[in-house]
Amino acid sequence: MNVSQIAHINQSSSQQLENGWVQDITANGYVIRLSNHSTLIAQKSFGCTVVPEKDDLVMFTRTQEAGIFILNILQRKSESPATMSFSNGLELQSNEALTLRSSSLNLENLETSLLTQNYNVHSNKVNVVTEDARLQSRNIESTADRLILKLKDSFKIIERLEQVSARDVIQNIKNAFLQRSRQVDISAKSDVKINGERIHMG
């Protein structure tokens, strides 16, 4: 047996897959307990998408240059949800449809950007809580059986025309009711009634 054969045997044995249990998680890495009760320190490999937890049965490999790396998680005893962590971000790309199905979806981030050509939302109930909101659109069409607005102050600036078509209109004003216009036209098919303690005209 020559030197090259010995080097090949050592390289093959050092790159074989092994398994063990995560005994502890430290700042230096994951403490792996082997079947012979010995321990070693390993790092999570870049291809291991799920973050290992304590008591996980993991598969790892040894490298001569960089050390020991956990490749994947074989078994987990706890029922805690799996966690994916990437220090440089994550990007998902697909030429076909991408579907997410779950009983509950929680998103927590500092900024969200959505760019789409068609956006459809179907929900039984929608609750939006925000400090500031802005909606900009060329056309808005809204259909509802009932609309309730509770505002402290309301300001509308209409540059051209506002038209209201309703069966009945009731306005209850607690204090002053002012209308200023260059021309006013009030038409009624039957009666026009004005009640007040004093009526000023002219």
Side-chain angles (χ1 to χ4, degrees), residues 1-137 142-144:
M1 181 178 296
N2 55 30
V3 177
S4 61
Q5 291 175 333
I6 296 176
H8 178 72
I9 293 175
N10 293 333
Q11 184 177 6
S12 299
S13 61
S14 63
Q15 293 180 352
Q16 66 181 352
L17 300 179
E18 302 178 65
N19 59 76
W21 290 266
V22 178
Q23 179 175 306
D24 197 5
I25 302 175
T26 65
N28 296 325
Y30 297 87
V31 180
I32 307 299
R33 185 183 75 254
L34 305 181
S35 57
N36 59 3
H37 300 290
S38 62
T39 59
L40 51 84
I41 296 292
Q43 306 295 327
K44 186 178 78 71
S45 66
F46 183 79
C48 184
T49 56
V50 178
V51 177
E53 293 184 359
K54 192 176 180 179
D55 297 329
D56 283 354
L57 178 61
V58 297
M59 178 182 294
F60 63 90
T61 184
R62 304 172 188 259
T63 63
Q64 295 180 352
E65 296 83 5
I68 304 173
F69 288 93
I70 298 175
L71 300 179
N72 52 51
I73 300 174
L74 302 178
Q75 187 182 57
R76 173 167 293 178
K77 297 180 180 180
S78 66
E79 297 181 355
S80 60
T83 302
M84 301 175 63
S85 178
F86 301 94
S87 58
N88 296 325
L90 175 64
E91 182 176 343
L92 298 177
Q93 293 184 359
S94 175
N95 294 329
E96 300 298 331
L98 180 63
T99 303
L100 295 177
R101 290 189 177 94
S102 65
S103 60
S104 178
L105 177 62
N106 298 321
L107 297 177
E108 295 182 5
N109 54 345
L110 297 178
E111 184 177 353
T112 300
S113 298
L114 179 63
L115 178 61
T116 178
Q117 186 173 356
N118 296 308
Y119 183 58
N120 298 319
V121 177
H122 300 276
S123 176
N124 292 330
K125 185 177 180 180
V126 177
N127 185 17
V128 179
V129 179
T130 180
E131 184 72 20
D132 297 297
R134 180 179 180 184
L135 176 62
Q136 184 176 355
S137 175
S142 178
T143 303

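Throughout, residue positions are numbered sequentially from 1 according to the sequence presented.
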*Asks:* Please tabulate, for the side chains in residues 42-50, all donor-acceptor contacts under 3.5 angstrom to protein atoms that are two or more places apart in sequence or on a different chain.
*Replies:*
residue : atom : partner : partner atom : Å
Q43     : NE2  : N28     : O            : 2.4
K44     : NZ   : C48     : O            : 2.9
S45     : OG   : C48     : N            : 3.3
S45     : OG   : I70     : O            : 2.6

*Asks:* Roughly how far, to the nearest 0.5 Å, is the OG1 atom of T112 from the CG atom of L114?
*Replies:* 9.0 Å
*Asks:* Taking all atoms of both residues into account, what is the closest heavy-atom pair of S102 and S104, and its distance?
*Replies:* OG-O, 3.0 Å
*Asks:* Count the heavy atoms of every other residue, nucleotide or ligand shown that sit under 6.0 Å from CG of N88, and state whether that count exceeds 12.
*Replies:* no
*Asks:* What heavy-atom pair brings A66 and F69 nearest, and what distance separates the two atoms?
*Replies:* CB-CE1, 3.4 Å
*Asks:* What I'd like to find out is whether the side chain of T63 reaches to under 4.5 Å of the side chain of I68, using heavy atoms alone.
*Replies:* no
*Asks:* Which residues satisfy the side-chain contact (heavy atoms from CB on, under 4.5 Å) test with S85, sequence neighbours excluded?
*Replies:* V51
*Asks:* Side chains of L74 and N19, heavy atoms from C-beta outward: is any pair under 4.5 Å?
*Replies:* yes
*Asks:* What pairs with I25 under side-chain contact (heavy atoms from CB on, under 4.5 Å), at least two apart in sequence or on another chain?
*Replies:* V22, Y30
*Asks:* Kindly check if the number of other-residue, nucleotide or ligand heavy atoms within 6.0 Å of CG (L110) is above 12?
*Replies:* no
*Asks:* What I want to check is whether the side chains of Q23 and T39 have a donor and an acceptor closer together than 3.5 Å.
*Replies:* no
*Asks:* Just verifying a value: how many Å separate D56 CG and N72 CG, rounded to the nearest 0.5 Å?
*Replies:* 11.0 Å
*Asks:* Could you walk me through whether R62 and L40 satisfy the side chain to side chain contact (heavy atoms under 4.5 Å, CB included) test, starting with their C-alpha distance in whole Å, then the side-chain angles of each, then the deciding distance to 0.1 Å, before giving a yes or no?
*Replies:* CA-CA 11 Å; R62 304 172 188 259; L40 51 84; 3.5 Å; yes
*Asks:* Could you pull out all residues at least two apart from D55 that satisfy side-chain contact (heavy atoms from CB on, under 4.5 Å)?
*Replies:* none
*Asks:* Check side chain to side chain donor-acceptor pair (under 3.5 Å) between N36 and all other residues, then give those that pass, not counting sequence neighbours.
*Replies:* S38
*Asks:* What's the spacing between F86 CZ and E91 CD if we round to 0.5 Å?
*Replies:* 12.5 Å
*Asks:* Taking all atoms of both residues into account, what is the closest heavy-atom pair of E53 and S80, and its distance?
*Replies:* OE1-OG, 2.8 Å
*Asks:* How would you list all residue pairs meeting side chain to side chain donor-acceptor pair (under 3.5 Å) that involve residues 118-137, not counting sequence neighbours?
*Replies:* none
